[in-house]
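Heads up, the thing below is written out as structure tokens.
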Amino acid sequence: MILQKFALYPYSEETTQLYVKTTDKVVVSKEKIGLKALEKIDMETYFNLFSCLKWKKYVGIESVHLRLKFNGQVRVKIEHLRRKEGHIEKDYLYDEIIQSDGTEYQNSKEIFLPEEGTLGVILEAIENTDFYKADFSTDQMDLEENDINIGIGICTFKREKYVERNMNLLKESILNNSNAESYGHIKICISDNAGTLEAEKIEDSAIRVVKNKNLGGVGGFTRTMLEYLNGHEKVSHILLMDDDAIILPETIERNYLFLKHLKKKYYNYVIGGALMRLDHPGIQYESGALWNNGDMIAHNHDFDMTSLERCVANEEEAEHDYVGWWYSCIPVTFINKNKLPLPLFIHRDDIEYGLRANGEFILLNGICVWHEAFENKCPGTNEYYDIRNLAILNAIHDDNFTGKQFKKILFKEISSNIGKYRYKYVDLNLLGILDFLKGAKWFGEQDGIEIHKKLAAYNYEMKSKEDFIGYKGLMEEELCPYGKEQRENVPFLEKIWKMVTMNGHLLPARRGKPKAEIPYPNIYDLYRYKEVLYIDSTDHVLDAKRSFVAMIASYVKFFKVCKYIDQRYDKVCEQYRNMFGTFTSQDFWNHYLELDNNRDL
């Protein structure tokens with residue numbers, strides 16, 4: 001039986017080395033890879049390494065064999081790769097020359113899986129060879145045979161282009177492709193929060209679009225959960241995915257095959273997907289993460305997945321508190337046990353739901369999506385949600401987290417925004433905690449849409465980058481902050497001096513042009529600048545000007561809010577814990593989404 005298919009055709013030229021590594025002379029197409037004599041193809045890559053540890057632990061695989069379909073003669077090497085003291089150790093498990101006319105698969109000998117590390121494959125053509133397909137398979141008969149049916153849930157708001165692109169790709173590769181391993185086992189439900197999708201362009205027997213009240217990402221994702229939980233066609237897992245992420249059919253297939261034979265003791269585990277950067281497609285932004293009471297740690301952040309050492313390291317297990325909802329495959333048994341998400345509108349909703357898993361996650365190389373890097377966007381109203389929802393999460397999931405600890409986090413957050421001259425964001429931070437302190441009952445009665453509308457008054461007006469060409473002498477090339485390195489480490493004495501002077505607020509501003517920066521720069525590099533232009537990935541600009549008066553006013557407001565935290569924090573935390581079951585029930589969500597009398601099932 002097939003365990004893992006090789007992914008040979010890259011979705012873009014920039015991602016080629018995540019699939020195969022070879023010379024420019026080798027022709028790679030969807031149908032085949034053409035190799036001339038002595039040319040090699042290295043498949044010890046992100047998409048094609050086979051995890052010994054995870055397939056053995058979670059599925060029970062003891063041995064595999066490599067299946068190859070090709071026309072010609074090749075030398076096949078299978079290596080066991082493991083990491084030791086920062087470098088890769090290799091053991092050759094198989095090294096043979098095989099001939100084939102391309103009509104049948106050719107098998108390697110049986111390879112017994114080591115306890116750790118990965119298996120990798122390298123082919124060398126002995127004569128001109130056309131290479132078509134490959135996979136790792138097993139003849140084991142004692143594996144679980146799980147009935148897996150995955151319901152993909154996508155929440156979208158005015159992103160028709162991305163949704164149509166992904167749906168067309170999945171139709172071609174899986175939904176209407178009887179040769180796909182997961183054919184007939186994938187359904188898709190799209191929650192259209194804007195009501196702008198043209199359903200007739202998208203829907204077919206496996207895809208449904210439902211119009212939904214715009215209650216943020218969590219409202220859309222929960223709507224898709226309800227559709228599957230209460231629908232006629234039952235699924236075993238619900239896969240939540242962002243609408244603007246680039247998804248590959250190979251990822252869905254790999255996910256399906258892994259679940260198909262997953263041991264019963266691990267059946268309730270969540271399969272998470274890594275987030276790859278759209279602007280640097282070979283770079284992994286995150287592969288699981290720790291919550292750490294709000295001081296989040298993204299695992300394997302900025303790993304270069306074209307590096308073999310990084311690929312092997314990425315398969316080593318780590319403790320996770322959550323996986324992002326850009327790709328999160330959740331068993332229905334988990335949802336039945338842990339109920340529905342919290343109505344947080346946006347931000348931290350996936351973290352909160354992940355905390356209920358108690359670290360039961362599995363991540364595999366090749367299960368991933370590509371998405372725009374978060375640091376390439378100005379946060380805007382997220383500054384409100386990040387603080388409010390952080391308080392809610394800690395109230396529910398950590399009884400020992402105190403108001404004093406929260407004030408430290410809040411101080412750090414507003415000081416960061418003050419140092420960036422983004423004083424309106426300070427107001428959003430403080431409004432977030434003030435709304436939290438109004439209590440759980442108040443929270444449950446609010447209309448998320450109305451709250452979101454009110455927050456717009458606290459946001460900055462974004463302008464076009466073109467408006468700033470020539471502004472105070474700025475040249476167009478000076479308005480391109482992307483690509484330059486950001487300092488990660490600031491010398492201790494420099495940091496102390498800049499903190500004492502409030503990053504230069506207490507000193508005269510330096511003369512000269514405004515500083516153009518990415519949305520999340522090193523704050524100490526803004527020292528004494530009078531004006532900073534934050535330029536996002538869409539070439540929109542937030543113009544922030546230094547103000548001593550605004551700095552003082554921000555800290556005065558902070559200390560006033562601290563008094564309110566002292567008075568209300570413990571009582572409100574208890575309210576949230578008491579009402580947690582109510583907020584996560586189907587009855588609450590049916591009412592919240594206004595589905596009580598008008599269900600679209």
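Small disclaimer: the values here were computed from a predicted structure and weren't measured.
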- Task: Might you work through the side chain to side chain contact (heavy atoms under 4.5 Å, CB included) test for Phe406 and Phe401, ending with a clear yes or no?
- Result: CA-CA 8 Å; Phe406 184 82; Phe401 192 80; 3.8 Å; yes
Under 4.5 Å between any side-chain heavy atoms of [X] and [Y], yes or no?
X      : Y      : answer
Tyr385 : Leu344 : no
Met276 : Val369 : no
Ile330 : Ile271 : no
Lys260 : Asp147 : no
Ile247 : Met241 : yes
Gln4   : Phe47  : no
Leu434 : Val561 : yes
Ile252 : Ile367 : no

Tell me if a side-chain donor or acceptor on [X] pairs with a main-chain N or O of [Y] at a distance below 3.5 Å.
X      : Y      : result
Trp291 : Leu355 : no
Asn146 : Ile148 : no
Thr222 : Val218 : yes
Thr224 : Phe221 : yes
Arg577 : Ile396 : no
Asp447 : Ile449 : yes
Asp242 : His371 : no

Pair [X] + [Y], salt bridge at N-O below 4.0 Å:
X      : Y      : value
Lys571 : Glu574 : no
Asp244 : Lys161 : no
Glu445 : Lys441 : yes
Lys454 : Glu450 : no
Lys54  : Glu315 : yes
Glu181 : Lys5   : yes
Lys377 : Asp536 : no
Glu227 : Arg208 : yes

- Query: How many angstroms lie between atom CD1 of Ile565 and atom CG of Leu437, to the nearest 0.5 angstrom?
  - Reply: 6.0 Å
- Note on the structure: Distance col, row Trp55:CH2 vs Leu364:CG, nearest 0.5 angstrom, shows 7.5 Å
- For residues 346-368, pull every pair meeting side chain to side chain donor-acceptor pair (under 3.5 Å), keeping only residues two or more places apart or in separate chains. Asn314-Asn365, His347-Asn382, His347-Asp386, Glu352-Arg356, Glu352-His397
- side chain to side chain donor-acceptor pair (under 3.5 Å) pairs touching residues 407-435, sequence neighbours excluded, are Glu383-Asn417, Glu383-Asn429, Tyr384-Asp435, Lys407-Asp566, Ser415-Tyr555, Ser416-Lys420, Asn417-Asn429, Tyr423-His505, Asp427-Lys557, Asp435-Lys438
- Query: With no hydrogens and no angle check, do the side chains of Thr333 and Asn268 hold a donor and an acceptor under 3.5 Å apart?
  - Reply: yes
Can you see which heavy atom on [X] is nearest to which on [Y], and at what distance?
X      : Y      : result
Ser328 : Val270 : OG-CG1, 3.5 Å
Pro341 : Trp325 : CG-CH2, 3.7 Å
Leu175 : Tyr183 : O-CE1, 3.3 Å
Met296 : Tyr322 : SD-OH, 3.5 Å
Pro249 : Ile174 : O-CD1, 3.9 Å

[X] vs [Y] aromatic rings, parallel, tilted or perpendicular, using cut-offs 30° and 60°?
X      : Y      : result
Phe374 : Tyr285 : perpendicular
Phe443 : Phe583 : perpendicular
Phe436 : Tyr569 : tilted

- Item | Test log, rule side chain to side chain contact (heavy atoms under 4.5 Å, CB included), inputs Thr402 and Gln405 | CA-CA 5 Å; Thr402 65; Gln405 289 173 293; 3.3 Å; yes
- Item | Phe334 six-ring centre to Lys337 NZ/CZ under 6.0 Å and within 45° of normal | no
- Between Tyr267 and His237, is the gap from one ring center to the other below 6.0 Å? yes
- Going through the checks in order, is the side chain to side chain contact (heavy atoms under 4.5 Å, CB included) test met by His320 and Ile362? CA-CA 9 Å; His320 305 291; Ile362 302 171; over 6 Å; no
